[in-house]
Structures are given as structure tokens and as C-alpha cells.
Number of protein chains: 2
Amino acid sequence: MKARLSASRERIIAAALEIMAGHGYAGCSVAAVAERAGVATGSVYRHFPTKADLFAEVFRTASQREVDAVARAAALETTVAERVSAIIETFSGRALQSPRLAYALLAEPVDPAVDAERLVFRRAYAELIAGYVASGVASGELPPQDPELTATAVVGALAEAMVGPLAAGVAGGSTIPSLTTFIHRALGVSP
Amino acid sequence: MKARLSASRERIIAAALEIMAGHGYAGCSVAAVAERAGVATGSVYRHFPTKADLFAEVFRTASQREVDAVARAAALETTVAERVSAIIETFSGRALQSPRLAYALLAEPVDPAVDAERLVFRRAYAELIAGYVASGVASGELPPQDPELTATAVVGALAEAMVGPLAAGVAGGSTIPSLTTFIHRALGVSP
DNA sequence: GCAAGAATTGAACCACCATTCAGTCCTTAG
DNA sequence: CTAAGGACTGAATGGTGGTTCAATTCTTGC
């Protein structure tokens, strides 16, 4: 019983994610999500008090998955420069793999309550990067700087540079290397 | 008569801008805009076919004003490094002066048709910066790079770095110098 | 088996707001 | 001065989609 209850909760979240990946937040009416999850519209409200609460959780889940993937890729490398390269490549690779989802997570107009969750998402990336920047500064691999601000600016540059390609569907072959060069220079990675 | 007609058109746009500056796009119901402009709700539709058209124009007007101010500040300087500094300072100074408006122009959830106008806004900044970057590359002040991508990334970094302070209401004293350092390094300005 | 209670259903409800329009007011040309 | 034509009014309309709830179906403890 408990199992069934939390199972349909999971199915609702999964359905919402699938619809987001296919048609963006715009396609996510409560009725559509419920239908895809195989439950009645009203049942969604057994699990979430409002639509905004549902999507806050959906965003949190999807974001966590993205941040984890990026963090995992970064952890495999050793120098800060390599780690940052891995972050850029993983982030943009995954975004281009699911452009509609990436657009929804990054930039699509959503309910303000859900938008707040987006800030958390971006902040999570920033924290990850800030940690590496701080260690780079400490070890002397990078020049002195405010790791928080650097990380925030890097996240902004990364997100902005992806919005165009996401809209177009593909990135030019030189986008990612150029972006990597830009960010390495910004961090002060020695050439 | 013609004068009066275009006068109320202007008043409607001005009213929309004022409400945006005070309560964001969220506060901009057609009724509220009309009331502030001193016209009836229906009269808005004498001047604009839809709300989206009205706000596309509002965004265009406001954006143009911002881009012009930034371009003017940049034109007063001589080196690319100085010009970029002027852009950063003018952009962030103006944003912090009218945080609610800046948030609406940069990041607030809006109708998709209006959102499209936002891309134009960001692109206008990017074009401005790309021009200077290209000239810097040509003159040897900056190392070789793709000016378009660099400019896009700079705009992203700038916008992202402002969102936090805009939400908080103020920027720490070191935000702008740090951001300037970051961007100078990213462009490859020689220290 | 069998209540009692919980979960589920989905059609109905309702709030919100952009948009419309029939009536009224002004402007202006003759 | 006066009629014609356009502008203005603001209450009414309509569509959308989130939210509710009475009826029904299932689960579980006795």
C-alpha cells in the first residue's frame, strides 16, 4: 500500500519529466501529466499540494541528475583545468542530447515558484565549480580570485553560450573548444 | 488628433514601463497598465493588437535605452579593456539602480512572445561587445578568438553575476571589480 | 467475509485575465 | 452649427487550466 502510493508519486514525477523532455514545461498541464502517469487528474493532488510543488520537485530531481553527472565527470580528472574542461563538455554534451529538457531547465518561462528552484540548480553548479577554483587558487594553479564570483560568472557564460545552440538544435563544432578556451583564460589557467 | 492618438500610445508604453519597474511583469495586467495610463482597458487595443505586442514594444524600448547607455559609455573610452570596463560598470550600475526593471528585462518569466524580444536584447549587447573584441583581436590588443562566442559568454557572465545582487537588492563592493578582472582575463587583456 | 477507512476517479467548478463590442463622447470638415 | 466618422469606455465574454469533491473502488484489520 505504502509502496503503491510512493510508486505512483514516482510515476507522476517521471511522467512530468518525460513530457518536459518532449514538449517543455509548456506541454505540462496537470491533466497531461496525470494521463501519462496513468492516474486521474485529481490523484496528482494526493501527492502534491499544488502544481508548483510538483514541478519544484521535478526540477530538483532533474537538476540533481545533471549536477551529479557533471560532478562525476569532473572527479575523474586531476588538474583544475582538466576538471573544468570535463564540466563544460559534460554539461553541454548532455544539454545537446536533450535540448528540450535543457531549455526547460535553463531558460523556459515557468511559474515563479518553479523558477526559484532553477536558482538552486545554477547555484549547485556554481558551488561545484567554486570548490575547484578555490583549490586551484590554494595550490597556485590559478591566480588569486573570488571563487564564488568566478564560479557564478562561469555558470552564466556556460548557460548563455548554450541557449543559442539549444534553440538551433545543434552547436557548431567550434563552440565547445572556444568556450573552454574562454573559461580557462577567465580562470587564469596558465597556457 | 494624430498627436493625441500617439500621445496615449506613448502613455501606455510609459505606464507599462513604470509598472514593470515597480512590480515587474507579474504586475502588468492590461487593466493595471490602462488605469495607470489614464485610459480604459479596451483602449489599449486601439494601439496594440495583443498584450504580447504591447510588451514586445515595451521591452524593445527599455532594452534600446539600456544598450544605448552602455554603448555611449563604451564609446568614451579608447582601449578595448577600458571599453569593456565601462560596459560592465554601466550595465551593472543601471541594473542596481532599477533592480525590479532589470530583473524583468533579464530573467523574469514572461509570455514566450515577449521572451523572444529578450533574446534580441541580449544579442544587442553581444553585438556591441563582439565589435570591440574583433577590433581588439585585429589590433593585437587581444589574442585570437571567436568574437561572437566570446561576446555571448561575456553577456552570460554579466547577467548571471547580476541576478544574485538583483535579488538581494545590493551588490557587495567587490562584485564589480572582481567581475571586471574575470572578464578581462577571459578576453585575454594583458595585465 | 465484512466493514471502515483510505485512495482514486474525472467531471464540474472557478478564478483569472486577455479580449471584445455596443453605446457614448469628441473632433473636425463642410 | 451640425452631422459623420473615428476614438473611447468599461462591463461582459470566453477560454484556459489549476483545483476540488462526491461517488466509487480498493485495501486492510478483525
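The shown structure was predicted, so the numbers you read here are calculated from the model rather than taken from an experiment. Reminder, nothing fancy here: chain letters follow the sequence lines and each chain counts from 1.
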> Taking all non-hydrogen atoms of both residues, which atom of B:Val33 and which atom of B:Ala15 are closest, and how far apart?
Replying inline: O-CB, 3.7 Å
>> To check you understand the geometry: which heavy-atom pair defines the closest contact between B:Thr79 and B:Glu141, and what is its length?
In response: CB-OE2, 3.6 Å
> Got a sec, which residues hit ring-ring contact (aromatic ring centres under 6.0 Å, His included) with A:Phe59, two or more places apart in sequence or on another chain?
Replying inline: none
>> For A:Thr152 and B:Glu160, which I'm curious about, is there any donor-acceptor pair between the side chains at under 3.5 Å?
In response: no
> Which letter, B, S or -, goes with each nucleotide of nucleotides 15-25 of chain D from 5' to 3', with contact meaning a protein heavy atom under 4.0 Å?
Replying inline: ---SBB-----
> Over how many whole Å does the gap from B:Glu35 atom CD to D:dA11 atom P extend?
Replying inline: 12 Å
>> Rounding to an integer number of Å, can you tell me how far B:Ile12 CD1 sits from D:dA7 P?
In response: 13 Å
> For B:Asp68 and B:Arg65, what are the C-alpha separation, side-chain angles and deciding distance, and is it a salt bridge (charged side-chain N to carboxylate O under 4.0 Å, His left out)?
Replying inline: CA-CA 5 Å; B:Asp68 284 351; B:Arg65 186 183 297 174; over 6 Å; no
> For the pair made of CZ in B:Phe48 and P in C:dT20, what is the distance, rounded to whole Å?
Replying inline: 15 Å
>> Is the distance between the ring centroids of B:Tyr125 and B:Phe91 under 6.0 Å?
In response: yes
> For B:Val44, which contact category applies under a 4.0 Å heavy-atom criterion: base, sugar-phosphate, or nothing?
Replying inline: nothing
